[in-house]
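Report on the following structure.
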Amino acid sequence: MKKINTAQLKQLVEAAIFVAEKPITKQQLKESVLSEFTVADRTLSKVINELMLDYQPRGIQLIEVASGFRFQSLDALSPWLSKLWQESAPKYSRAMLETLALIAYRQPITRGEIEQVRGVAVSSNIIKTLTERDWIKVVGHKEVPGRPALYATTKGFLDYFSMSSLADLPNADAFENMAERIESDSTLKVLNEAPSQ
Amino acid sequence: MKKINTAQLKQLVEAAIFVAEKPITKQQLKESVLSEFTVADRTLSKVINELMLDYQPRGIQLIEVASGFRFQSLDALSPWLSKLWQESAPKYSRAMLETLALIAYRQPITRGEIEQVRGVAVSSNIIKTLTERDWIKVVGHKEVPGRPALYATTKGFLDYFSMSSLADLPNADAFENMAERIESDSTLKVLNEAPSQ
Amino acid sequence: MLDTTDMPSNGSNGAELKNEELTNGEKQSQVPVQQPLPLAFINGEALIEKPEDLFIPPDALEVILEIFEGPLDLLLYLIRKQKFDITVLPIADVTKQYMEYVDAMMALKLELAAEYLLMAAILAEIKSRLLLPKRSDESDDEEDPRAELIRRLKEYELVKQAAEDLDEQPRLERDVFNVAVSTSSNVVPIRVEPNVSLAEVVLAFSQAMKRAQAFEHHTIAREALSTRERMSLILSLLNSTDYSPLEALFTVEEGRAGVVVSFLAILELMKEQLIFCIQAGPYAKIHVKLGSHEEN
């Protein structure tokens, strides 16, 4: 194993994150571009932190998302940068966003459970679109009659929304509290079953 | 037309070159991301020059190619960056292994002689792959019509299989007998595996 | 009667435009998308009482009614519009208004989802339970029949908020863009060659030989491996233009066995006309070179 000095390491890591087609993890860096060098985890983390700081004042930023590190343009520049593309970014319906939010905050969740909270049927189209976008996936089946699919969000979802984990979801704790309150309140649960039948 | 200060202009131009899928010209920049700003040609050139200097010590460079400006990785980093695109070649076919085996055991040997033993033609691709892997080489030509090349194994072949000379190649007959013994010892096992073959 | 002044907007221009028509030019100062509930507090009250004279173009009403994401969304809107506290839920009022909207939907022959009718039934059921006189033998801690609906409304409100938050989260292709940097031209993909074990090579040889023996009459003579290897080695040492001294092909250090192997290899190569030997005269040095067609 060869040694590499910090300046060279920084250049190599920087270039690798830039040219990689997808976000790249420290592990992937070590297994590819750094495979022939001895690099301590601490050194690698330090170099990445330095890069993050280096780019802070620039037009692009180094951030960590669920599937690794990537450079992306500055949020504030989007009104002008979007002019580089003919088509504007797709807008998503409230039905789609509410379904996605429920899957994100309450995963794993069945379609029936989503419908119960939203009070309306979830169209197959929404599930299909979310699946095709690689934002949600089936992670199992609930052991109740009909064995309905349980949905969860993917790394692709976190990447797309610039998050590195579900903890980055806005107001994650509000949801947590609500869920706990509902579960602890058994009387409500009993009532719950009466009208919806 | 709005005004834009140099710092903001630099950020915007930098981000635009980074996110554009192709090299981008000054003209294209002015018609897209800068369309609502008054930017003098001289100012734009100055900003681009500054960016070029900014990136000089980094792992990527801002360069001008025929179709505009683009960022690209540092030449000197290529040997390591190449590792980001590792692809596994498919496993070798039986024809490939038999050709290699015949060259190893019967060297020097012509392609025609290999074909005679195997009863089928040896594709040029097999010879090419084995040559590229530096396992076989042409050591001469046989003095018969057409002067076919004589193939032999290389030092690289010995190294790969951890042999110091061809004398270390297992005696094929003895090996065969041993393999048969092992097989007959585990008839049950073989029977079990039969249907999956 | 319908009051359509402070409809929640789904952000579509159509709905917003229609909204403005309906309010007779009254300015809507709030941006509905960002804030979940404030609309009703601004200009709702004046219009709640006397909406009769309000002209609603049928297609506009249709657009407005279609923006509700279901019965819970509609209920939530009615509650917030009237500044009711969700926790006290005045069932009678809300039910009345809810039914007006449902009637309007039916009149417009909107595809009325069964969920709206189910909610109407739930509201009616709660209302009837509240109207029933309390029996004295009933325990005091009996659940308020509204509790379940309140819980669902609160939960739905949370989801609605979460969806809005999610929509504001920086998103690829809209707020942030992926950076694409090309590699310098000398970056080439690295190909990982497959692993081969020695056993595979040996087995392949056995199989090839077995097959060959099956359809060939003469047995293939197998020279000792060492000879064949030496043949390759000698061929690689020689070239077809210059002669080399024969003794250069022997390595004394190998001892007698090594010399014999080299000698056998040279004989075999001569037999196959792969090399040529010349001797200028008796006892003169023998020279060898690779065979070539021209001299043949």
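Numbered from 1 within each chain, the chains take letters A, B, ... in sequence-line order.
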Say you draw a straight line from CG of C:Leu198 to CG of B:Leu169; how long is it, rounded to the nearest 0.5 Å?
6.0 Å
Rounded to the nearest 0.5 Å, how far apart are OG of C:Ser184 and CD of B:Gln61?
10.0 Å
Applying a strict 4.5 Å limit to non-hydrogen atoms, the region of B:Leu158 in contact with chain C is side chain
Report the distance from atom CD of B:Glu143 to atom CG of C:Leu290, rounding to the nearest 0.5 Å.
8.5 Å
Looking at C:Leu269, C:Val179, C:Asn186, C:Val188, which makes the most heavy-atom pairs under 4.5 Å with chain B?
C:Asn186
Need one label for B:Pro23: side chain, backbone, both or neither, based on atoms under 4.5 Å from any heavy atom in chain C.
neither
For chain C, which candidate among B:Gln72, B:His141, B:Lys137 shows the most heavy-atom pairs at distances under 4.5 Å?
B:Gln72
Any side-chain to backbone donor/acceptor pair from C:Glu229 onto B:Leu166? Under 3.5 Å, distance only.
yes
Nearest 0.5 angstrom please: B:Arg94 CZ to C:Glu200 CD, how far?
12.5 Å
For the student: nearest non-hydrogen atoms of B:Ala101 and C:Val201, plus distance:
CB-O, 3.2 Å
So, the part of C:Asn195 with a heavy atom under 4.5 Å from chain B: the answer is both
Main chain of C:Val181, side chain of B:Arg70: is a donor-acceptor contact present, judged purely on distance under 3.5 Å?
no
Take a 6.0 Å sphere around OH of B:Tyr160 and say whether it holds more than 12 heavy atoms from other residues, nucleotides or ligands.
yes
When rounded to the nearest 0.5 Å, the distance separating CG of B:Leu74 from OG1 of C:Thr183 is 12.5 Å
From the list B:Glu132, B:Gln86, B:Lys83, B:Glu21, the residue making the most non-hydrogen contacts under 4.5 Å with chain C is B:Gln86
Give the minimum heavy-atom separation between B:Glu98 and C:Ala204, together with the two atoms involved.
CG-O, 3.5 Å
For a 4.5 angstrom cut-off between non-hydrogen side-chain atoms, does B:Trp135 reach C:Val196?
yes
Side-chain contact test, heavy atoms from C-beta onward, threshold under 4.5 Å: evaluate it for C:Arg228 versus B:Tyr105 and give yes or no.
no
Taking all non-hydrogen atoms of both residues, which atom of B:Ser78 and which atom of C:Val187 are closest, and how far apart?
OG-CG2, 3.3 Å
B:Arg133 side chain near C:Pro194 side chain, heavy-atom distance below 4.5 Å
yes
Winner by heavy-atom pair count (cut-off under 4.5 Å) against chain C, out of B:Ile109, B:Thr153, B:Asp75, B:Thr129
B:Asp75
I'd like to know which of B:Ser73, B:Ser165, B:Ala15 tops the heavy-atom pair count under 4.5 Å against chain C.
B:Ser73
Heavy-atom contact with chain C under 4.5 Å, split by part of B:Leu97
both
Checking heavy atoms, do the side chain of B:Thr99, its backbone, both or neither come under 4.5 Å from chain C?
neither
I'd like to know whether NZ of B:Lys22 has more than 12 heavy-atom contacts from other residues, nucleotides or ligands below 6.0 angstrom.
no
Proximity breakdown for C:Asn178 and chain B, heavy-atom pairs closer than 4.5 Å
backbone
Rounding to 0.5 Å, atoms CD1 (B:Ile63) and OG (C:Ser182) come to a distance of 7.0 Å
Contact class of B:Leu150 relative to chain C, heavy atoms under 4.5 angstrom
side chain
